[in-house]
Amino acid sequence: MDGSQLTLNDETRIPWIAFGTGTALYGEDAQQAVTVAIRNGFTHLDGAQQYNNEESLGAGIAASGKPRSELYITTKLGGLKPGDTPKSALEESLRKLRVDYVDLYLVHHALPHVGRLKDIWIGMEEAKNAGLTKSIGVSNFTSDHLNEILEVATIPPAINQLEVHPYVWKALQPTLAVHQKYNIVTSSYGGLSPLVRGRGGPLDPVVENIRARLARARGSAVSEGQVLHKYYQQKGILVVTTSTKVERILEYLDTENVPELTPDEIENVEAAGAKLHKRFFPRNWPPEEMN
């Protein structure tokens with residue numbers, strides 16, 4: 001497999017790393033950041049209706065001069081206004097993005113749609129069948145949410161985008177088991193949170209030791225962020241990340257050139273992660289009782 005792309009369960013291909021327009025760009029004008037990201041090598045752009053910046057994402061895509069056929073564009077269904085459907089909501093997004101279709105359309109959150117998840121998924125299939133999106137999937141869905149929509153799905157979700165990092169890896173196992181059963185790609189947001197928002201945890205020394213070895217093996221600098229991104233790439237996880245700094249964008253894309261972690265190093269990352277359960281985006285997940 002080409003390490004720079006993943007194959008989805010609908011046989012389409014997706015770049016393994018995406019530039020996200022949430023977090024720092026949430027509700028902000030994303031045009032310049034998106035244009036800079038595209039011009040420095042990103043081809044996968046991850047947006048959402050909820051981010052309130054689809055117009056500027058579309059403007060950034062247009063300003064980059066990159067042909068639509070060379071880009072992979074994701075957006076996500078937010079809350080539905082009365083009378084709206086996932087299809088009509090996507091039609092509005094397409095107008096804002098200034099494109100005829102997206103490559104991937106996700107249900108952003110399960111929690112606001114609890115009780116009607118099956119109807120929402122049927123509407124997502126309608127959007128795909130109308131040619132408005134090539135692939136459909138979900139975000140922030142637990143194993144229970146997935147199993148609920150799979151009862152009615154004629155098209156299984158291609159992706160589930162979640163908060164994924166070593167400090168939630170153990171808790172995610174029931175969800176990941178559903179992913180494996182239905183060949184659903186796991187997508188990670190907040191993947192660098194243990195390094196950016198959660199310093200001082202058991203992962204820190206493990207990542208530093210791996211970083212030092214990889215830098216020696218490579219003969220040039222490797223960052224701690226690249227260690228985690230390489231870990232995700234080796235696990236077949238799609239990474240959504242963001243930055244407004246060119247040097248950071250180049251660092252993220254350079255992860256492909258970083259040597260691989262050994263099986264023992266991967267095991268060490270997961271063992272260290274299992275020592276601490278910590279979500280950095282707890283509102284996106286139902287309350288948990290951890291042993």
Side-chain angles (χ1 to χ4, degrees), residues 8 14 18-35 37-38 42 44-64 68 71-141 145-146 149 155 157-163 185 187-190 238 240-242 281 283-285:
L8 302 181
I14 185 170
F19 183 82
T21 59
T23 54
L25 294 172
Y26 189 105
E28 301 291 329
D29 187 324
Q31 178 175 344
Q32 184 176 358
V34 167
T35 302
I38 294 171
F42 268 99
H44 182 176
L45 294 313
D46 182 275
Q49 295 163 4
Q50 184 180 308
Y51 299 160
N52 294 317
N53 58 14
E54 285 180 308
E55 292 98 334
S56 59
L57 168 56
I61 289 168
S64 75
R68 172 68 184 91
L71 295 173
Y72 192 103
I73 301 173
T74 297
T75 196
K76 308 180 194 76
L77 172 70
L80 281 175
K81 291 177 281 190
D84 270 359
T85 64
K87 178 174 175 279
S88 66
L90 179 53
E91 287 168 341
E92 185 177 344
S93 287
L94 295 178
R95 284 193 291 273
K96 292 178 178 178
L97 292 165
R98 299 192 235 169
V99 295
D100 296 327
Y101 69 94
V102 291
D103 296 276
L104 179 64
Y105 187 36
L106 305 178
V107 183
H108 203 156
H109 296 280
L111 297 179
H113 303 297
V114 165
R116 55 190 183 123
L117 283 175
K118 291 177 180 177
D119 289 339
I120 293 291
W121 188 252
I122 290 168
M124 295 293 286
E125 293 188 354
E126 181 187 18
K128 175 177 164 62
N129 290 332
L132 303 181
T133 180
K134 291 187 176 180
S135 300
I136 51 176
V138 297
S139 180
N140 301 302
F141 270 50
H145 297 142
L146 287 169
I149 64 170
I155 305 168
I159 279 182
N160 187 12
Q161 187 182 118
L162 307 152
E163 178 181 350
V185 165
S187 175
S188 163
Y189 66 80
L238 193 161
V240 180
T241 191
T242 194
F281 303 89
R283 289 184 299 173
N284 292 346
W285 203 252

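When reading the values below, keep in mind they use all heavy atoms of this one structure, side chains included, and skip hydrogens, waters and symmetry mates.
The shortest heavy-atom contact between A30 and N53 is CB-ND2, 4.1 Å. Listed here is the closest heavy atom pair of L162 and F141: CD2-O, 3.6 Å. When all heavy atoms of G190 and F281 are compared, the closest pair comes out as CA-CE1, 3.9 Å. Shown here for A59 and Q31, the closest heavy-atom pair between the two residues is CB-OE1, 3.4 Å. For the residue pair G47 and K76, the shortest heavy atom distance occurs at O-NZ, 2.8 Å. Closest of all the heavy-atom pairs between H145 and V114 is NE2-CG2, 4.2 Å.
Once rounded to the nearest 0.5 Å, the distance linking CZ of F19 with OG1 of T242 reads 3.5 Å. Between the NE2 atom of H113 and the CG atom of D119 there is a distance of 11.5 Å, given to the nearest 0.5 Å. To the nearest 0.5 angstrom, I136 atom CD1 is 4.5 Å from I155 atom CD1. With rounding to the nearest 0.5 Å, the separation of CG in L45 from CD1 in I61 is 4.5 Å. To the nearest 0.5 angstrom, L77 atom CG is 8.5 Å from S93 atom OG. Atoms OG1 and CG, on T21 and L57 in that order, are 5.0 Å from each other to the nearest 0.5 Å.
With contacts defined as side-chain heavy-atom distances shorter than 4.5 Å, the pair I14/I159 qualifies. V34 has its side chain out of reach of S56: every pair of non-hydrogen atoms, C-beta onward, lies at least 4.5 Å apart.
With D103 contributing its side chain and I73 its backbone, the two residues share a donor-acceptor pair below 3.5 Å. A distance-only check finds no donor-acceptor pair linking the side chain of N284 to the backbone of E163 [under 3.5 Å]. Listed for the S187 side chain is no donor-acceptor partner under 3.5 Å among the backbone atoms of Q161. Formation of a donor-acceptor pair under 3.5 Å by the T35 side chain with backbone atoms of G60 is found in this model. Not one N or O on the side chain of K134 forms a donor-acceptor pair closer than 3.5 Å with the backbone of V102. Without hydrogens or angle criteria, N129 side chain to E125 main chain gives a donor-acceptor distance under 3.5 Å.
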Query raised in the report: After noting the C-alpha distance and the side-chain angles of I120 and L80, does the key distance pass the side chain to side chain contact (heavy atoms under 4.5 Å, CB included) rule?
Result: CA-CA 10 Å; I120 293 291; L80 281 175; 3.5 Å; yes
Requested in this report: Walk me through it: do T75 and K96 pass the test side chain to side chain contact (heavy atoms under 4.5 Å, CB included)?
Outcome: CA-CA 11 Å; T75 196; K96 292 178 178 178; over 6 Å; no
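Every residue meeting the side-chain contact (heavy atoms from CB on, under 4.5 Å) condition with K87, not counting sequence neighbours, appears here in chain and number order: T85, E91, E126, A127, A130, L132.
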Indicate every side-chain donor-acceptor pair of residues 105-112 with a distance under 3.5 Å to a residue at least two apart or in another chain.
| residue | atom | partner | partner atom | Å |
| --- | --- | --- | --- | --- |
| Y105 | OH | P86 | O | 2.7 |
| H109 | ND1 | N140 | ND2 | 3.2 |
| H109 | NE2 | Q50 | OE1 | 3.3 |

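Within the structure, the ring pair (Phe, Tyr, Trp, His ring centres under 6.0 Å) test picks out no pair touching residues 119-140 (sequence neighbours left out).
At a cut-off of 3.5 Å, with distance as the only test, no side-chain donor of Y189 or D46 sits close to an acceptor on the other residue.
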